[in-house]
There are 2 protein chains.
Amino acid sequence: MTITAPAKSARDRVGSVLGPTWPDGTANVFSSACPSRTVLDHITSKWGVLIIVALADDTLRWGELRRTIDGISEKMLAQTLRVLENDQLVLRTVHGTIPPRVDYRLTDLGRDLCEKLIPLLGWVSQNAAAIVSTPRGNA
Amino acid sequence: MTITAPAKSARDRVGSVLGPTWPDGTANVFSSACPSRTVLDHITSKWGVLIIVALADDTLRWGELRRTIDGISEKMLAQTLRVLENDQLVLRTVHGTIPPRVDYRLTDLGRDLCEKLIPLLGWVSQNAAAIVSTPRGNA
DNA sequence: CTGTATCCTTTCAGATACTG
DNA sequence: CAGTATCTGAAAGGATACAG
C-alpha cells in the first residue's frame, strides 16, 4: 500500500474505516462536496430514519405510515417519501383501485440500510431516558 | 407476557425489536412525546453524526474538528458540541494555557453510540455514489 | 487559539384548504 | 383514501465581526 497523503489523525484513520466514497479516494464523508453528505442528509432528515424503520418488517399503506409515525404531517410524509423513493430506498406501489390504495415498502437497498439503523435506534431507545433526565440546560 | 394493546403491525413489531423507552412501555421512538425522539434529533442533526464519528479514534482540538469537518461553521460547531456535551456524549477539556487549548473526546456513552454510527456511515459511503448518480429529479 | 454576538438568508415544518 | 397547493411562522444555518 502506497501512502501519498500526509497522515492527518482522525480524518484519515476514520476514513480508512469508512473507505473513500470515490474510487480515487479524493472525497469521503467529511468532505462537503461528497455525495455521501447528501445521502446522509436525506437519511438523517427529521423523519427519514423513522419512516425507514417503520417499514422494516412490513409493507405499509400511506395511512398506516401516518398513524405509525406520531406527529408527522401529511406534507412531511409525502415529501420525505418522495426523497426516499428517489434514493431507491423505498418502493411505492399504486393499486389502481377505488378508493385508491398505495403501498410503501423498502427496496433491497433500503432493507440493507435499515439493518444499520435498527441498532442505532435500539441504542437511542435504551439510553434516551438517561440522557434526557440529566438536563443541565438541555435544548 | 400480557398484551393489552391491539397488535398494530410495524409499530409493535419494530417496537419489540427496539424495546420501549419507558419501562411501562407507553412510549417508543414512534411516539412524539418520547425522549428518544429528542436524542435522535440531536444525533441526526446536520452535524451531529459527523462530529461524533470524527472523534471516533482521537481526542481532537477545536481547530482540528473545524478543519476535519469540511463546511461546518464556527457557530454550528460550537452549538452542536454544546448539545452533544450536554447529552454526555462528548467531553470537553479546557487546558488553562495561553494560547488556550480545548480538547474534545467521546465519553463512554459517546463511544458506545459511535459504534452504531460507524456501520451506518460506512454503508452510506459505499452506496452514496450509486444513489446520487441516478437522479430522477433528485434534490 | 477558542470561542461569542449579531445580523441576515434559507430551509423546515405545520395548518389549512382543496383534488382525483 | 391518498395525496397536492399555498401560506405563514419557526428554526436552522452561514458570514462577519469581535473578545478573552
Side-chain angles (χ1 to χ4, degrees), chain A residues 9-10 30-33 37-38 40-51 54-55 58-86 90-105 137-139, chain B residues 9-10 31-33 37-38 40-51 54-55 58-87 90-105 137-139:
Chain A
S9 71
F30 288 120
S31 319
S32 57
R37 276 281 188 91
T38 306
L40 185 64
D41 281 348
H42 292 177
I43 295 167
T44 63
S45 69
K46 188 171 177 63
W47 302 106
V49 171
L50 291 178
I51 290 182
L55 295 171
D58 290 310
T59 293
L60 290 184
R61 301 178 60 176
W62 164 273
E64 291 174 323
L65 269 174
R66 183 145 165 56
R67 281 188 298 276
T68 298
I69 301 167
D70 194 25
I72 195 170
S73 68
E74 294 185 345
K75 177 186 170 181
M76 292 316 297
L77 179 55
Q79 198 173 103
T80 310
L81 277 173
R82 256 183 277 125
V83 171
L84 260 27
E85 188 192 0
N86 199 271
V90 166
L91 198 66
R92 181 173 182 269
T93 311
V94 181
H95 306 270
T97 56
I98 301 287
R101 175 192 180 106
V102 182
D103 287 338
Y104 295 90
R105 64 183 179 89
N138 212 337
Chain B
S9 72
S31 319
S32 56
R37 276 281 189 90
T38 306
L40 186 65
D41 281 347
H42 292 178
I43 295 168
T44 64
S45 69
K46 187 170 177 63
W47 302 106
V49 172
L50 256 23
I51 290 181
L55 294 171
D58 290 311
T59 293
L60 290 184
R61 301 179 59 175
W62 165 274
E64 292 174 323
L65 269 173
R66 183 144 163 54
R67 282 187 298 276
T68 299
I69 301 167
D70 194 28
I72 195 171
S73 67
E74 295 185 344
K75 178 185 171 181
M76 292 316 298
L77 179 57
Q79 196 173 105
T80 310
L81 278 173
R82 256 183 277 123
V83 171
L84 261 25
E85 189 192 358
N86 199 273
D87 284 350
V90 166
L91 198 65
R92 181 173 181 266
T93 309
V94 181
H95 305 270
T97 57
I98 302 288
R101 176 192 179 103
V102 181
D103 287 338
Y104 294 90
R105 64 185 180 86
N138 213 338

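Computed from a predicted structure; not experimentally measured. All chains are named by letter (A, B, ...) in the order of the sequence lines, taking the proteins before the strands, and each is independently numbered beginning at 1.
- Rounded to a whole Å, the CE atom of B:Met76 is 15 Å from the C1' atom of C:dC8.
- In this entry the distance linking CG of A:Leu77 with P of C:dA13 reads 13 Å, nearest Å.
- At the heavy-atom level, A:Arg61 lies under 4.0 Å from the strands shown only through sugar-phosphate atoms.
- One interatomic measurement links the two molecules: CD of B:Gln79 to P of C:dT4, which rounds to 11 Å at whole-angstrom precision.
- Judged purely by atom type and a 3.5 angstrom limit, B:Thr97 uses its side chain to pair as donor or acceptor with the backbone of B:Pro99.
- A donor-acceptor contact shorter than 3.5 Å is absent between the side chain of B:Gln79 and the backbone of B:Met76.
- Here the range on DNA chain D touched by chain A, meaning any atom under 4.0 Å from one of its heavy atoms, is D:dC1 to D:dC7.
- Rounded to whole Å, atom C1' of C:dA13 lies 12 Å from atom CG of B:Asp41.
- In this structure, the side chain of B:Arg61 does not engage the main chain of B:Arg101 through any donor-acceptor pair within 3.5 Å.
- If you measure from atom CG of B:Asp103 to atom C1' of C:dC1, you get 12 Å, rounded to the nearest angstrom.
- Without hydrogens or angle criteria, A:Ser45 side chain to A:His42 main chain gives a donor-acceptor distance under 3.5 Å.
- No side-chain donor from either of A:Thr93 and A:Asp103 sits under 3.5 Å from a side-chain acceptor of the other.
- Side chain of B:Glu85 to main chain of B:Arg82: no donor-acceptor pair is present (N/O by atom type, distance under 3.5 Å, no hydrogens or angles).
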- prompt: Taking protein heavy atoms under 4.0 Å as touching, what does nucleotides 15-20 of chain C look like 5' to 3' if B marks base contact, S marks sugar-phosphate-only contact and - marks none?
  reply: -----B

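- For the atom pair CG of A:Leu50 and OG1 of A:Thr80, the computed distance is 10.0 Å after rounding to the nearest 0.5 Å.
- Residue B:Arg92 has its side chain nearest to C:dG3 when only C:dG3, C:dA13, C:dC1 are considered.
- Between the CD1 atom of B:Ile98 and the C1' atom of C:dG3 there is a distance of 13 Å, rounded to whole Å.
- Of all heavy-atom pairs between A:Asp70 and B:Ser32, the closest is OD2-OG, 3.0 Å.
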Derivation of the side-chain contact (heavy atoms from CB on, under 4.5 Å) call for A:Ile72 and A:Ile51: CA-CA 10 Å; A:Ile72 195 170; A:Ile51 290 182; 4.3 Å; yes

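- Rounding to whole angstrom units, CG of residue B:Leu81 and P of C:dC1 are separated by 17 Å.
- Taking atom CG on B:Leu60 and atom P on C:dC1, their separation rounds to 15 Å, with Å as the unit.
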